[in-house]
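For the numbers below, each heavy atom of this structure counts, side chains included, while hydrogens, waters and symmetry mates do not.
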Amino acid sequence: MAGWASDLGLLLEERKQRIDEGCSIGDDLLARIDALDPIEDAWNSEAIDPLYDELLALSADPELEAREPNDLEAIRSLRPSDPIEILPWVMSEAALRDRLHGAWTGRCCGCASGKPVELMGMQGGRKAIKSYLQGADAWPLQDYIPERSGEVQALCKLSTRENIAFMEPDDDIHYSLVGLAVLEQYGPEFRWHDVATCWTARIPFMAICTAETQAVLNFWNGSARLAHNRINTTPEVTRMHRNPYREWIGAQIRSDGWAWACAGKPGLAAEFAWRDAHWTHTRNGIYGEMFCAAMQAAAFVEDDSQKLVDIGLSQIPAECRLAEGVRQCLTWIETCSDWEACMERLEARYPGMSPVHTINNALICVLSLFYGQMDSRISTTIAVMAGLDTDCNGATVGSIVGAAAGRSAFDESFAAPLNDLVKPAMIGFSDTTLTDLAERHLTVWKRVDEYARRIG
């Protein structure tokens, strides 16, 4: 998804976001927004800024706002009555290392599998992907996307079936590396601005998108001239100022680097995810990362999809829109014979939602775990075939099923083409192996485990 938008583009997205937040936008304001010319007024800040300010000044639905807070303690107060914080487990260091290796492998396999059809999944959905794969005699998807289907060529050639030899640069993988880097540098006491500092120091600006782009711009504008005073740039500013993407998928795809360091501790994983999410996102944008982090941390111990989803739900507000959507998805799974039928229900439920919103993509992750029966390859390829944000969902599901399987039980036909190799475009991380990254995450896990014991 493009990281840049015109001033008018931001305004139009803010209008949608304010409606999602339950605002009543008057006809006069709507008419003045609609009167702007998409070409001549694209960067007309003099006309756009006052309208944007009017939108932000509107009162949100108070009942919905009460069910969807941004503060960690308020979120915790609205969780189900018995949140699952720690899972009892006994695992050797060798077994944990294998699970971490599996989680890294699954994330990279899923991300690479979805990359070539990411735009196709956003623009044409699962039907466009199915048509492409059928044209290449590759339906259902078994591993990676064929480079061509008739006259159509897939994007991201380096991640296509005929060419893949490593995990190429991708934001989903960069964010996993951020989690590792921040915990290595700052430890489990890290704060949100440590994450922001890591981003600005290590990730090329053109490699981030939407909510992350806006939050980084806000962070820079508030702190660039006073580097020592970054703490005075608040999350309320970075996540809200000209950031209409604050409930999109950007935070949800950043969960696993924190979760793997909290293996077996879904409650702490959700807290780490909140620290990471709340300076770029609000409401369900935050909850998506907490939900996925809890499941990813639990997958090292638990391999039952229903129990994993229950653990994820136990860490977010019980009556938020994401939780409501997940519960509804579980009822579809009970009655739909296959994942395509379930996707039909999902698409009918969220017809106008952005293809990179948190909620619809989170539901794809949920149904993929169930219909793929937690298989390290099948669940992941379902997440890709389902459409919307294919590389993000493939990576998230791959992270969960990879942690549950471990590298030793991971589908070798899926893992082998990557050659255990990652080539990120991130400062401080040169070409490296998944084996090495798993070892580094094991070291971080030990540090986090000591921290968890210390704080009780």
Side-chain angles (χ1 to χ4, degrees), residues 1-7 9-10 70 111 168-261 271-282 285-286 288-289 293 356 392 395 422-432 437 440-441 444:
M1 198 68 178
W4 297 90
S6 68
D7 288 350
L10 292 175
N70 299 312
C111 181
E168 64 174 309
D170 187 89
D171 57 344
D172 295 80
I173 307 305
H174 292 161
Y175 292 135
S176 303
L177 294 171
V178 164
L180 176 60
V182 169
L183 287 166
E184 286 180 332
Q185 182 173 356
Y186 299 101
E189 299 88 354
F190 77 94
R191 294 171 292 177
W192 73 269
H193 50 84
D194 299 323
V195 180
T197 300
C198 182
W199 283 20
T200 56
R202 295 189 179 223
I203 302 179
F205 185 63
M206 290 299 292
I208 60 175
C209 304
T210 58
E212 287 68 30
T213 299
Q214 300 309 117
V216 164
L217 286 172
N218 294 334
F219 181 71
W220 277 345
N221 288 337
S223 63
R225 295 184 181 179
L226 293 171
H228 65 282
N229 205 29
R230 284 178 178 152
I231 196 169
N232 289 334
T233 304
T234 67
E236 291 76 15
V237 172
T238 55
R239 70 189 180 212
M240 285 297 297
H241 181 69
R242 300 302 188 262
N243 188 2
Y245 313 118
R246 53 191 178 268
E247 287 195 88
W248 285 16
I249 197 175
Q252 184 163 283
I253 68 175
R254 304 187 330 236
S255 59
D256 53 341
W258 316 109
W260 300 337
E271 178 186 329
F272 281 12
W274 176 85
R275 293 190 215 170
D276 175 69
H278 80 287
W279 71 282
T280 61
H281 285 72
T282 62
I286 296 172
E289 183 168 358
V356 288
C392 293
V422 182
K423 294 188 176 184
M426 184 173 163
I427 297 169
F429 284 95
S430 58
D431 298 0
T432 188
L437 292 173
R440 290 171 67 174
H441 244 107
V444 165

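Ring geometry for Tyr245 versus Trp248: interplanar angle of 30 to 60°, hence tilted.
Nearest heavy atoms, Glu247 versus Thr282: CG-O, 3.6 Å. Taking every heavy atom of both residues into account, Leu10 and Pro244 meet most closely at O-CG, 3.6 Å. Taking each heavy atom of Asn218 and Thr238 in turn, the nearest pair found is ND2-O, 3.1 Å. Annotation for Ala425 and Pro204: closest pair O-CD, 3.2 Å, computed over non-hydrogen atoms. Taking every heavy atom of both residues into account, Ala259 and Ala293 meet most closely at CB-O, 3.4 Å. Closest approach of Ala277 and Ile286 over heavy atoms only: CB-CA, 4.0 Å.
Put simply, CG on Leu183 and CZ on Arg440 are 11.5 Å apart, with the number rounded to the nearest 0.5 Å. Distance CG/Leu217 to OG1/Thr200: 11.5 Å, rounded to 0.5 Å. Rounding to the nearest 0.5 Å places CD1 of Ile203 at 8.5 Å from CG of Leu177. Rounding to the nearest 0.5 angstrom, the gap separating the NE2 atom in His193 from the CZ atom in Phe219 is 8.0 Å.
Side-chain contact between His174 and Phe429 is absent, with no heavy-atom pair separated by less than 4.5 Å. Between Trp258 and Val182 the shortest side-chain heavy-atom distance falls below 4.5 Å. Looking at heavy atoms from C-beta onward, Ile208 lies out of side-chain contact with Asp171 at the 4.5 angstrom threshold.
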TODO: Would you check, one step at a time, whether the test side-chain contact (heavy atoms from CB on, under 4.5 Å) holds for His281 with Glu212?
DONE: CA-CA 9 Å; His281 285 72; Glu212 287 68 30; 3.1 Å; yes
Task: Residues Thr213, Phe205; criterion side-chain contact (heavy atoms from CB on, under 4.5 Å); working and verdict - done: CA-CA 8 Å; Thr213 299; Phe205 185 63; 3.6 Å; yes
TODO: Start with the C-alpha gap between Thr197 and Tyr186, add the side-chain angles, then the distance that decides, and say whether side-chain contact (heavy atoms from CB on, under 4.5 Å) holds.
DONE: CA-CA 11 Å; Thr197 300; Tyr186 299 101; 4.1 Å; yes
Open item on the list: Using side-chain contact (heavy atoms from CB on, under 4.5 Å), reason through Met426 and Val178 one step at a time and then give a plain yes or no.
Closed with: CA-CA 9 Å; Met426 184 173 163; Val178 164; 3.6 Å; yes
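When each of Asp256, Asp276, Ile249 is paired with Glu289, the side chain to side chain contact (heavy atoms under 4.5 Å, CB included) condition holds for Asp276 and for no other.
Not counting sequence neighbours, the partners of Asp172 by the salt bridge (charged side-chain N to carboxylate O under 4.0 Å, His left out) test are Arg107. Residues that satisfy the ring-ring contact (aromatic ring centres under 6.0 Å, His included) test with Trp199, not counting sequence neighbours, are Tyr175, Trp279.
Of the possible donor and acceptor atoms, one in the side chain of His278 sits under 3.5 Å from a partner among the backbone N and O of Trp274.
Side-chain polar atoms of Arg254 and Thr280 form a donor-acceptor pair below 3.5 angstrom.
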